[in-house]
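Reminder, nothing fancy here: chain letters follow the sequence lines and each chain counts from 1. Note that the structure is a prediction, hence the values are computed from the model and not measured.
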There are 2 protein chains.
Amino acid sequence: MYPNFISHIRKYVELDDHTVARLNQYISPLKLKRKEFLLKEGQICQSIYFVEKGCLRMYFIDDKLNEQITQFALEHWWMVDHFSFQDNKPSSYFIQTIEKSEILAINTSSFESMLRELPQMERYFRIIMQRALAAAQLRNKYMYEMSKEEFYQHFSTSFPEFAQRVPQYMIASYLGLTPQYVSELRKKKL
Amino acid sequence: MYPNFISHIRKYVELDDHTVARLNQYISPLKLKRKEFLLKEGQICQSIYFVEKGCLRMYFIDDKLNEQITQFALEHWWMVDHFSFQDNKPSSYFIQTIEKSEILAINTSSFESMLRELPQMERYFRIIMQRALAAAQLRNKYMYEMSKEEFYQHFSTSFPEFAQRVPQYMIASYLGLTPQYVSELRKKKL
DNA sequence: AAAAAAAATTAAGCTGGTTTAAGAAATGTT
DNA sequence: AACATTTCTTAAACCAGCTTAATTTTTTTT
């Protein structure tokens, strides 16, 4: 049905066939073209999104009217504005496809019912959130210890798949650099 | 028994008296003086720590031999090197008391058994990790949109309790500033 | 209370990375 | 194939925040 979704969950918890069938009740699949929005600034983030196929970015508009990208999501990553989703508050972010994508959405009330009905899913989300925290802690450490140049080199060697799929200026934005500076760094490396 | 601990959990899930009694099986209370260590670089982070009373910091030693603080924890906050704790890998952090503290520790295997025995605790940790992610996402946004000066002003007005309990140079380190620059900012504000 | 250690301040010079402004190259669309 | 749009590059001037180094103030220990 949604092979990436189910196999991702099965990496962390056991799922019998009945549970898989029940899961489908809670999921809304979405087919989106390039540059379509799942969330816009001012809206409440009503769903948590799983990338079955494709690629998403999350960004906000800063005081100089730049699009500041704070997150990407490729296949089998989750994307959500946690603050807005948890407390039903208006988001300050946009969530947009970078490519044609297949997304699974679980809205607030489905999420709640699903976790109550299926304890494996409560466990699954505890585990992946714990892993997301580990990742956030590591990224944070990198930001303390690396210069922007090192941060860029580290990112582009650690995650070369992004350079294939995401324009350079978006990577620059995500890393907190100007596109001009990234251009300079690339020239330097050749 | 551990009033802050129990009341914190009860903010998020229901606990009956039996469960509270069972919980105690998994917890090791620690009384620590000022500047004692719960974790040192190279060790595996074997426990997740709850601050019942007092104050902790987490830091690593950077390439210039500075202590780079990445986290504080006051009463009813959790502290852990997620990466080390989850994958049993040597930590690159130190966790140390800033003041005399009372800490509750749950080690890796207790944590696992506790979550298996007490589904409320699985739920509790899913919720607090989700909230921690929301907080991390927010902090991250601040780092993109604020100058270091704004970041400092924002932190010191939003969390004045830290200025009371934590030396200024530690706050500077946590915010990624030099103590000299913080000094300059304070002078400017008066 | 004195000595030692830790923390905070001051000030001058410097640098990593930004800003501004054009132009060139690549990609998407008709 | 031509046009329009998006993305990338180049270069010079600039500045927020760091480095270095010395002094002062505060806190801790004896």
Side-chain angles (χ1 to χ4, degrees), chain A residues 32-37 54-55 57 59 61-69 72 94 96-101 142-156 160 162-190, chain B residues 32-36 55 57 59 61-69 72 94 96-100 142-156 162-190:
Chain A
L32 300 172
K33 286 184 286 201
R34 189 164 172 270
K35 297 201 178 183
E36 287 198 272
F37 288 96
C55 180
R57 66 171 179 150
Y59 67 90
I61 307 290
D62 71 14
D63 48 356
K64 287 158 202 150
L65 305 182
N66 296 318
E67 296 177 354
Q68 256 301 342
I69 297 175
F72 293 117
F94 298 80
Q96 188 191 32
T97 55
I98 294 179
E99 329 166 337
K100 187 176 156 198
S101 302
Y142 290 150
M143 300 206 42
Y144 280 106
E145 69 186 341
M146 292 180 187
S147 68
K148 295 205 162 182
E149 175 168 2
E150 290 168 324
F151 198 48
Y152 170 76
Q153 301 298 356
H154 178 264
F155 180 84
S156 37
F162 281 92
Q164 313 303 314
R165 296 173 69 171
V166 176
Q168 186 174 305
Y169 80 94
M170 287 193 186
I171 292 175
S173 170
Y174 173 68
L175 297 175
L177 311 178
T178 58
Q180 294 85 331
Y181 189 50
V182 167
S183 200
E184 193 179 304
L185 292 177
R186 281 163 54 95
K187 184 171 59 169
K188 204 162 141 185
K189 241 324 168 53
L190 298 182
Chain B
L32 300 172
K33 285 184 286 199
R34 190 164 170 269
K35 298 200 178 183
E36 287 198 271
C55 179
R57 65 171 180 150
Y59 67 91
I61 307 290
D62 70 15
D63 48 358
K64 288 159 200 147
L65 305 181
N66 296 318
E67 297 177 355
Q68 255 301 342
I69 297 174
F72 293 118
F94 298 80
Q96 189 191 32
T97 54
I98 294 179
E99 329 167 336
K100 187 177 156 199
Y142 289 150
M143 300 205 43
Y144 279 107
E145 71 186 341
M146 291 180 188
S147 69
K148 295 206 162 183
E149 176 168 2
E150 288 168 325
F151 197 49
Y152 171 77
Q153 300 299 356
H154 179 263
F155 179 85
S156 38
F162 281 92
Q164 313 302 314
R165 296 172 69 171
V166 175
Q168 186 175 307
Y169 79 95
M170 288 193 186
I171 292 174
S173 170
Y174 173 68
L175 297 174
L177 312 178
T178 57
Q180 293 87 329
Y181 189 52
V182 167
S183 202
E184 192 179 305
L185 292 177
R186 280 164 54 94
K187 183 170 59 170
K188 204 162 141 184
K189 242 324 169 50
L190 296 182

Measure [atom1]/[X] against [atom2]/[N] and give the value in whole Å, please.
{"X": "E184(A)", "N": "dT20(C)", "atom1": "CD", "atom2": "C1'", "result": "14 Å"}
{"X": "K188(A)", "N": "dA11(D)", "atom1": "NZ", "atom2": "P", "result": "15 Å"}
{"X": "L185(A)", "N": "dT10(D)", "atom1": "CG", "atom2": "C1'", "result": "14 Å"}
{"X": "Q68(A)", "N": "dT18(C)", "atom1": "CD", "atom2": "P", "result": "10 Å"}

**Request:** Examine the base of dT19(C) for any acceptor or donor lying under 3.5 Å from a partner atom in the side chain of Q180(A), and report the outcome as yes or no.
**Result:**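 Such a pair does not exist between side chain and base.
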
**Message:** Applying side chain to side chain contact (heavy atoms under 4.5 Å, CB included) to Y174(B) and Y144(A), what does each step give before you reach the verdict?
**Reply:** CA-CA 9 Å; Y174(B) 173 68; Y144(A) 280 106; 3.9 Å; yes

**Item:** Among R34(A), E67(A), R57(A), E36(A), the one residue meeting side-chain hydrogen bond (donor to acceptor under 3.5 Å, both in side chains) with Q96(A)
**Value:** R57(A)

**Message:** Going by side-chain hydrogen bond (donor to acceptor under 3.5 Å, both in side chains), E99(A) matches just one of K35(A), R165(A), K33(A). Which one?
**Reply:** R165(A)

**Asked** For Y181(A), which contact category applies under a 4.0 Å heavy-atom criterion: base, sugar-phosphate, or nothing?
**Response** base

**Message:** Would you say the rings of F155(A) and F162(A) are close, in the sense that their centroids are separated by under 6.0 Å?
**Reply:** yes

**Prompt:** Taking five pairs at each end, how big is the angle between the two axes of the helix from dA1(C)-dT30(D) to dT30(C)-dA1(D), to 10°?
**Reply:** 60°

Taking only the side-chain heavy atoms of [X] (C-beta and beyond), determine which of [options] contains the nearest atom.
{"X": "K187(B)", "options": "dG17(D), dT19(D), dA11(C)", "answer": "dA11(C)"}
{"X": "P167(A)", "options": "dC8(D), dG16(C), dA8(C)", "answer": "dC8(D)"}
{"X": "S183(A)", "options": "dC18(D), dT10(D), dT19(C)", "answer": "dT10(D)"}
{"X": "E149(A)", "options": "dT19(D), dT7(D), dG17(C)", "answer": "dG17(C)"}

**Message:** At less than 4.0 Å, is any side-chain N or O atom of K64(B) found next to OP1 or OP2 of dC18(D)? Yes or no.
**Reply:**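 Looking at the OP1 and OP2 atoms of dC18(D), neither is under 4.0 Å from any side-chain N or O of K64(B).
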
**Request:** Fit a plane to each ring of F94(B) and Y59(B), take the angle between them on a 0 to 90° scale, and name the class: parallel (under 30°), tilted (30 to 60°) or perpendicular (over 60°).
**Result:** parallel

